[in-house]
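So you know, we letter chains A, B, ... as the sequences are listed, proteins then strands, and number each from 1.
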There are 2 protein chains.
Amino acid sequence: MSKHIKGVTISQVADAAGVARSSVSRAFTRPEMLSPETVNRIMAAADQLGYRPNHTARALSTGRYGNIALIVPDIANPFFPPMIRAAQMQADSANFCIFLGNTEENGEKEDQLIGRFTGQVEGLILASPRLSDERIWAHAEKLPLVLINRDIPGISSVLIDSSVGVAEAVTHLAKLHHRKMVYISGPPVSWSNRQRQEAFDKTALALGVETATVPTLRPDFESGRKAVEAMLATGATAGIAFDDLTAQGVLTGLAERGISVPADFSLIGCDDVLGSVTYPALTSISSQSSEAGQAAIALLLEMLQTSKHADLRHMIATHLVVRNTTREPHSAVTSG
Amino acid sequence: MSKHIKGVTISQVADAAGVARSSVSRAFTRPEMLSPETVNRIMAAADQLGYRPNHTARALSTGRYGNIALIVPDIANPFFPPMIRAAQMQADSANFCIFLGNTEENGEKEDQLIGRFTGQVEGLILASPRLSDERIWAHAEKLPLVLINRDIPGISSVLIDSSVGVAEAVTHLAKLHHRKMVYISGPPVSWSNRQRQEAFDKTALALGVETATVPTLRPDFESGRKAVEAMLATGATAGIAFDDLTAQGVLTGLAERGISVPADFSLIGCDDVLGSVTYPALTSISSQSSEAGQAAIALLLEMLQTSKHADLRHMIATHLVVRNTTREPHSAVTSG
DNA sequence: CTGTTAGCGCGTTCAT
DNA sequence: ATGAACGCGCTAACAG
């Protein structure tokens, strides 16, 4: 019980205003219950003393913490900042504060962070969690939980349906006469990755084009760069990367080997977070991560106001944005 | 006092283990005070019931919240994510949680957020605050506070000293024989902006080159794009933008007008957060925002452990990274 | 309308 | 080594 910076308490205000503590409390939460006169007197005393209601004490008493935790694998991945920003704004408008957690793509750290948040959060948002279904279920049992980019029965989630976009991408490449394509994959435990891989395989099969898959360690620039060798070894003439960051790494790796894009190799990214800032401007599968952030908070707030364990779902569409990293392969007959 | 999801309390564990509440408390905070035997018994009962100490109740009792608030103007600005990430990791290693606040470049919102955090954080980190010195002083009086990119007497801060980098940039351009340069400025209340503006003016004056300044509304892509017209009207042949985002907007605005970089105009950014992903690869003034995030938390933790209102300072150096957006102007005599 | 009384869940003296 | 009692700052019943 170390003495910290003197926080003005409700009692001091009560004394100064000559009323009971409860009246001060009411002045701040239910002013309509008090006579305007006393409210004024209390408020005057309050901001003259510089009183601010103590969030923690209030939370302990009401059971409502007014906080939400948002946990992401990697803040530095450009997919997340817009999501975090949107979540922040949505939470803000409901007077909620946001705890941010960064797991470094690590499931254990995720668990650890969640533990640290329990007892001060009303709900949890897990974006692209790397945790097992079982662990997530366990957490959802103790706390309202909304997932982003992960589909688990019985748990609310916001899903970016990239299957449509991936199908468009594969079709686009097939139309350009690519006969063999490679998928540069993301984290194996990532739902988005599995979804993209499946859409990739399925569409390719339907169109009769050959496929290959190259794994990466993490969805980032370096992993993409390092994947280039294995990627080229597959003999594919075009590739779709798990995300834009990986694609950007691939782009660099190819340039380092003197392989020019799109002349010698066609590449498509995912998430469309780099916009047209890469060179060549990256063809990518667009999703709105900001919408996901906004929707997740909205869902969670809705769950908080009603029954805890609703199983709501919010889908977000995707589509292909063609820019300058795709073209016909050399082997193809120039069709016009 | 609505009944929420059954949180296992210390009393339930105490009953289950057949001991007093205080013993359970001790088992979690001062195990050495108890006999190993009872500790075991308590722990067994605890994690059999799924008990987790309530962060909030503990905070109220000890006065130590274990939380820190980090407030930034715009999460989506690529300067901040690395900073946030580093801050997060540093806080993590000290078992602190991080509240994230996004002010949308708005001073009032900043005030409002700080208010919402009081009573649940032990300290505050304000990154590139848009608040007045007076308001910041007021806050610092009630709470340990560390600033990033803002220099106020008596308040601890982490400063990215871009004056060296800016001087290098101006010198670099002058050596290329540019005779008139323009500074595309950032938010007027931004300390970094003032610092960069001053270094720009001072160095230019010393080198005898003409200068001009063009204001922008916000440090983002759109503002940069819109500033191009005014920028060109100055007749300058080279420009230094407040940050990379603005520079990127300028780059696009120039391209839209058919003005090629660096052939027709030379451009330098600040922060070096876009790396070589722009085209042409942007020459920029490098700073390590991640170091700032890490240092700010370290400073704050240090302040928490000692006297509250220390006035510490941490400087971070910058330097020019030359890439492909600078060249001699047409008017210059080709020197070799 | 307003004051009085009980807790919220936990840490911490003070006894034992 | 352990238990009983009090308080952190605030909200919420219950009176009046």
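- Side-chain proximity of Leu34(A) to the nucleotides dT2(C), dT2(D), dG11(C) is greatest for dT2(C).
- Nucleic acid contact for Thr29(B): sugar-phosphate only, since backbone atoms but no base atoms lie under 4.0 Å from a heavy atom of the residue.
- Taking the C1' atoms of five terminal pairs at each end of the helix from dC1(C)-dG16(D) to dT16(C)-dA1(D), the two resulting helix axes are inclined by 40°, rounded to 10°.
- Between Ser25(A) and dA12(D) there is no side-chain N or O to OP1 or OP2 distance below 4.0 Å.
- Comparing Val39(A) and Ile10(B) by the nucleotide of DNA chain C that holds the closest heavy atom to each, the one mapping nearer the 5' end is Val39(A).
- As a whole-Å value, the separation of Arg21(A) CZ from dC8(D) P is 10 Å.
- Side chains of Asn67(A) and Gln120(B): a donor-acceptor N/O pair is present below 3.5 angstrom, by distance only.
- Regarding Asn40(B), its CG atom lies at a distance of 15 Å from the P atom of dA1(D), rounded to whole Å.
- Arg313(A) has a carboxylate O that lies under 4.0 Å from a charged side-chain N of Asp311(A), or vice versa, which qualifies the two as a salt bridge.
- Listed nucleotides: dC10(C), dC1(C), dG7(C). Nearest to the side chain of Ser35(A): dC1(C).
- Ser25(A) and Ser22(A) share no side-chain donor-acceptor pair at under 3.5 Å.
- Using modelled atom types, one finds no donor on one side chain facing an acceptor on the other under 3.5 Å when comparing Asn106(B) with Arg130(B).
- Summarising the geometry of Ser128(A) relative to Phe80(A), their closest heavy-atom pair is OG-CZ, 3.8 Å, with the distance given to 0.1 Å.
- Rounded to whole angstrom, the span from the CD1 atom of Ile42(B) across to the C1' atom of dT2(D) amounts to 10 Å.
- Residue Glu32(A) contributes atom CD, which lies 13 Å from atom P of dT2(C) at whole-angstrom precision.
- Nucleotide dC8(C) holds its C1' atom 16 Å from the NE2 atom of His55(B), rounded to whole Å.
- Distances from the side chain of Ala20(B) to the nucleotides dG9(C), dG3(D), dA12(D) place dG3(D) closest.
- Rounded to whole Å, the distance from CZ on Arg30(A) to C1' on dT11(D) is 8 Å.
- Counting non-hydrogen atoms under 4.0 angstrom, Ser22(B) reaches a base of the nucleic acid.
- Closest contact between the side chain of Ser23(B) and the listed nucleotides dG3(D), dC10(D), dG3(C) involves dG3(D).
- Whole-Å rounding puts the Phe28(B) CZ to dC10(C) C1' distance at 12 Å.
- Toward the 5' end of DNA chain C, the nearer of the two residues Thr56(B) and Met33(B), judged by each one's closest nucleotide, is Thr56(B).
- Thr38(B) comes within 4.0 angstrom of the backbone, heavy atoms only, and of no base.
- Closest contact between the side chain of Arg26(A) and the listed nucleotides dC10(D), dG3(C), dG9(C) involves dG3(C).
- Among the protein residues, Val19(A) comes within range of the sugar-phosphate backbone only, with heavy atoms under 4.0 Å from sugar or phosphate atoms but none that close to a base.
- Nucleic acid contact class of Tyr51(B) (heavy atoms, under 4.0 Å, all strands): sugar-phosphate only.
- The side chain of Arg64(B) places no N or O atom within less than 4.0 Å of a non-bridging phosphate oxygen (OP1 or OP2) of dC8(D).
- In this structure, CG of Leu60(B) is placed 9 Å from P of dC10(D), rounded to the nearest angstrom.
- A salt bridge links Arg85(B) with Glu104(A): at least one charged nitrogen is closer than 4.0 Å to a carboxylate oxygen.
- Across Leu49(A) and Val8(A), no two heavy atoms sit closer than the pair O-CG2, 3.3 Å.
- Between Tyr65(B) and Phe99(B), the ring center distance fails the sub-6.0 Å criterion.
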